[in-house]
Amino acid sequence: MANLTHVGLTDEQQLFRETVRRLAEDKVKPRAQEIDESGEFPWDIVELFREYGLLGVAMPEEYGGGGADLLTFCIAVEEIARVCATSALIIAAQHLGAMPILIAGNTDQKRRYLPAIARGERLSAFALTEPEAGSDAGGTKTRAIREGDHYRLTGSKVFITNGGLAKTMVVFASTDPSQGTRGISAFIVELDQPGVMVGRIEKKMGIKGSQTAQLLFDNVLVDASNRLGDEGEGFKIAMRTLDRTRPGIAAQALGIAQGALDVALDYLYQRQQFGTSLSQFEGLQFMVADMQTQIEASRQLLYRAAEIIETAGFESHASKEVTRYSAMAKLMCSDTAMRVTTDAVQLLGGYGYIRDYPVERMMRDAKITQIYEGTNQIQRLVIFRNMEHGGF
Ligand code: COS
């Protein structure tokens, strides 16, 4: 196995990386192409991750999770994404669905919902995006109207990862449209509640084994005890969630990039043209050197972001540093993934463009990392808004 040592990682984190690398190589990699071609959600991979405790790796031990830090979580996602982006997304999406409950849930809500998610018995989902509220998440039209001790929820959500598969979801809805972002509230909703319906299942360019669905809510009665935080706190809960989960997408992107570089490098040494190995051509050496440099710079930014966010903890109030680093890591890692996978396809030439080699899949998978959990245009906006002016 290649040297997996990285500056700043603890022995435990190094060991964890090696363990996940082995699992990814032995059990996930052989499934990656099949998952992409069939487009079917890989329940066998869910089972595998459940067995290895990867679905709740960074959730608190008291709720059945592995209690690992965010950096360790990122390493898990990175190593799985190196061989299969769809499989890595299963871990990241589970983390995303649980995060609003971890951040804003009361003890009863945490006890009721987190253990099944952390142990991987139930998948979870984060339902924020709507047909007309994508980047403008504050434009949420789904309504939740209070009626006694419950809310009546009506509206629709789109592009929901694990939509229709996740038994537990956090749905964002407006309880007071006159208040804009301050009128949005968050609710824990279960898939089998009357009035919850699964709409379109999207056909996608990449991450094909991941189910992306439209969810419809038709007069769904949600108990008031399932509201997370106070009325009107939903938007901030969503933003604080994304601050803590965008590094997971960055890790997915980083893993895809590393996977593509590893394939390209092997090809460079194996392939002969003009009577010599491709590795002898300086033009290609320069390409690979740039790929490696971009990946390592992205990795260092992501690992630093993970440490900063970990230190801030779940309970902390909005911190400009947390928000900025989270967005910077997501921006840089996903842009790196797109560049590196595109270059990997180029390096493999005709072979890069056909399905026998995994780099065209990696290139298709990389694209979504520049889009979901906030487009990279939104990340730039978030970074600028959270810069310290006049400080260091
Ligand atoms: N943590 C805590 N609070 C935050 C926050 C954060 N990271 N970011 C914003 N807020 C707060 C603001 O402080 C503000 O609070 P007050 O009402 O008390 O002033 C409130 O939230 C509204 O913030 P803002 O005015 O910045 O909201 P905007 O409507 O301008 O939206 C963006 C901000 C664009 C950053 C937000 O809508 C966004 O992140 N969009 C992308 C959504 C996304 O990632 N979608 C993907 C879904 S998951 S696949």
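The shown structure was predicted, so the numbers you read here are calculated from the model rather than taken from an experiment. Just follow the structure's listing: the first ligand is 1, and inside any ligand the first atom is 1.
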In ligand 1, which numbered atoms sit nearer than 4.0 Å to a non-hydrogen atom of Gly374? 43 (C), 44 (O), 45 (N), 46 (C)
For ligand 1, which atoms, with element, lie under 4.0 Å from some heavy atom of Val382? 35 (C)
Thr129 heavy atoms within 4.0 Å reach ligand 1 at atoms 47 (C)
With a 4.0 Å heavy-atom cut-off (strictly under), which part of Phe159 contacts ligand 1: side chain, backbone, both or neither? neither
Work out which heavy atom in Gly120 is nearest to a heavy atom in Gln94; give both atom names and the distance. CA-NE2, 4.1 Å
For Asp243, the atoms of ligand 1 under 4.0 Å from one of its heavy atoms are 1 (N), 6 (C), 7 (N)
Less than 3.5 Å apart, which donor and acceptor atoms pair up between the side chains of residues 55-69 and the rest of the protein, not counting sequence neighbours?
{"unit_1": "Asp69", "atom_1": "OD1", "unit_2": "Thr72", "atom_2": "OG1", "d": "2.8"}
{"unit_1": "Asp69", "atom_1": "OD2", "unit_2": "Gln13", "atom_2": "NE2", "d": "3.1"}
{"unit_1": "Asp69", "atom_1": "OD2", "unit_2": "Leu71", "atom_2": "N", "d": "3.2"}
{"unit_1": "Asp69", "atom_1": "OD2", "unit_2": "Thr72", "atom_2": "N", "d": "3.2"}
{"unit_1": "Asp69", "atom_1": "OD2", "unit_2": "Thr72", "atom_2": "OG1", "d": "3.4"}

Quick one: salt bridge (charged side-chain N to carboxylate O under 4.0 Å, His left out) pairs with a partner in residues 351-363, sequence neighbours left out? Arg355-Glu360, Glu360-Arg364
Please state which part of Ser135 comes within less than 4.0 Å of ligand 1, counting heavy atoms only: side chain, backbone, both or neither. backbone
Sidechain N-carboxylate O distance under 4.0 Å for Glu37, Lys208: no
Does an N or O anywhere in Tyr372 fall below 3.5 Å from an N or O of ligand 1? no
Could you tell me which atoms of ligand 1, counted from 1 in the order shown, lie closer than 4.0 angstrom to a heavy atom of Arg240? 1 (N), 2 (C)
Ignoring hydrogens and geometry, is there a side-chain-to-backbone donor-acceptor pair from Ser334 to Leu331 under 3.5 Å? yes
Would you call Asp343-Arg339 a salt bridge at under 4.0 Å N-O? no
Taking every heavy atom of Glu373 against every heavy atom of Lys330, the minimum-distance pair comes out as O-CE, 4.1 Å
Under 4.0 Å between a side-chain nitrogen and a carboxylate oxygen: does that hold for Arg380 and Asp335? yes
Contact atoms of ligand 1, heavy-atom distance to Thr323 under 4.0 Å: 7 (N)
Can you classify the ring geometry of Tyr267 versus Tyr351 as parallel (below 30°), tilted (30 to 60°) or perpendicular (above 60°)? tilted
Pick one of side chain, backbone, both or neither for how Leu242 approaches ligand 1, counting any non-hydrogen atom pair under 4.0 Å. side chain
For atom 38 (C) of ligand 1, which of Arg182, Gln377, Gln179, Met239 has the closest heavy atom? Met239
Any idea which part of Thr375 is under 4.0 Å from ligand 1, heavy-atom wise: side chain, backbone, both or neither? neither
Looking only at heavy atoms, is any part of Arg246 under 4.0 Å from ligand 1, and if so is it the side chain, the backbone, or both, or is it neither? side chain
